[in-house]
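Since the structure comes first, as structure tokens, the remarks are kept for the end.
Quantities reported herein were computed from a predicted structural model and do not represent experimental measurements. Every number for a ligand or one of its atoms is a count from 1 in the order of the listing.
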Amino acid sequence: MSVELSFAFPLHIVVDTDLQNLGRELWNWQLCGKCNGSASCANMHCPWSRGKRLGRFWTWYKGITGMYVPELFCLNPALRSHSDLLGIIRLMKTHPDAPRVHLTQQYFANRDDAAIKIPDPTDQLRAFNIAARVLLMVNCGLSHESIEILEYAQLPRPWRNDMSISQFVIEIFPTSNHPYFEDLSELSDNLAIRKAVAASSLKKRANLRLEPTDDLRNHLRLDRKQGTVQIFHQTAVLKESLIAGHALHPASTISDYICRYVC
Ligand SMILES: [Zn+2]
């Protein structure tokens, strides 16, 4: 890659080590120690042996990060490498109740280049939006940064500065009692509901066209006019979250919820 391209798109190149480190950060992967930097692993007990199944997710990650462009003429990008992005994700996971503004200040004030120059505030914002998107599989960017607004005429829900990532998750995935479901406490009723909203049933019985989405928030989103329903298709990600079973992942309970329908 040319120097100019690496300057304009600092995360454009993704190697297997970056993907392994992403797995370590998202799902607490403990690799066998013999496959570091390799394309695959033959040890079935090593999480990297499942790397191929996550191909769709790796492609999505490469697309999201490859498009990252620092502020014009900015000498110090908020994301200099994939390691920077993973550092922000780690901070979010270890401080789920800290307001976004505090996390942002803490991260950039403590980084090894803080004494030289703090990245532009807009660039800082962009870096945290990308990190939250990778962690939660939800687009939380500002409207003017989003492609989805053009494609689906739908505004992403921004993660506000005064809000922690835990609060953000609660806001985008609110839970409330529905009068129809209150009486359905029997196991058979719950199974019937799951069966009714399963992707195959929606397609056959409701005659809906299924559209894949990478945004968890859009799972089962119905468009009556178009006769479509969106289905979250990063199922390998949900399975990894369930395998990890870790409480630190703010979206783990959401993944568990969605996985009932799509796994
Ligand atoms: Zn291995």
Side-chain angles (χ1 to χ4, degrees), residues 1 5-6 9-68 77-96 107 110-112 127-138 165 169 212-216 219 231-263:
M1 188 168 72
L5 193 58
S6 66
F9 302 97
L11 305 188
H12 184 67
I13 297 292
V14 183
V15 298
D16 287 322
T17 302
D18 296 321
L19 302 180
Q20 291 177 332
N21 288 336
L22 181 60
R24 286 184 174 101
E25 215 56 66
L26 293 179
W27 308 302
N28 303 329
W29 275 3
Q30 305 279 338
L31 268 58
C32 68
K34 295 180 180 175
C35 59
N36 290 339
S38 300
S40 60
C41 182
N43 182 346
M44 62 178 290
H45 300 294
C46 175
W48 190 234
S49 67
R50 302 190 298 272
K52 289 273 189 288
R53 295 185 207 168
L54 287 153
R56 183 180 288 163
F57 177 63
W58 304 141
T59 301
W60 176 83
Y61 175 80
K62 289 172 185 174
I64 294 291
T65 54
M67 288 189 296
Y68 164 69
L79 295 176
R80 302 162 299 180
S81 65
H82 291 277
S83 295
D84 284 345
L85 185 61
L86 297 185
I88 296 174
I89 290 175
R90 193 178 311 127
L91 194 65
M92 289 175 180
K93 287 179 65 180
T94 52
H95 298 78
Y107 175 77
N110 292 326
R111 211 163 74 166
D112 55 9
F128 267 66
N129 283 345
I130 294 172
R133 190 170 185 180
V134 172
L135 177 63
L136 302 177
M137 297 299 294
V138 167
I165 197 154
V169 168
T213 177
D214 295 310
D215 193 320
L216 262 176
H219 182 61
I231 300 294
F232 184 74
H233 70 150
Q234 296 281 4
T235 51
V237 172
L238 301 178
K239 287 174 182 172
E240 281 303 322
S241 294
L242 292 178
I243 290 170
H246 47 79
L248 283 177
H249 194 313
S252 60
T253 54
I254 294 159
S255 301
D256 183 38
Y257 170 79
I258 299 290
C259 204
R260 293 173 188 173
Y261 303 107
V262 296
C263 288

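Atom CG of D18 is separated from atom CG of L86 by 7.5 Å, given to the nearest 0.5 angstrom.
Residue P77 comes nearest to Y68 through the heavy atom pair CB-OH, 3.8 Å, listed as atom of the first residue, atom of the second, then distance.
Every residue two or more places apart in sequence or in another chain that forms a ring pair (Phe, Tyr, Trp, His ring centres under 6.0 Å) with F57 is listed here: W27, W60. Residues meeting the side-chain contact (heavy atoms from CB on, under 4.5 Å) test with N43, sequence neighbours left out: C32, C41, H45, C46. With sequence neighbours left out, R24 forms a side-chain contact (heavy atoms from CB on, under 4.5 Å) with Q20, N21, W29, L31, N36.
Note on the Zn ion (ligand 1): protein N/O/S atoms under 2.8 Å are C32 SG, C35 SG, C41 SG, C46 SG.
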Do M92 and L136 pass the side chain to side chain contact (heavy atoms under 4.5 Å, CB included) test, and can you show the C-alpha distance, the side-chain angles, and the key distance before you say yes or no? CA-CA 11 Å; M92 289 175 180; L136 302 177; over 6 Å; no
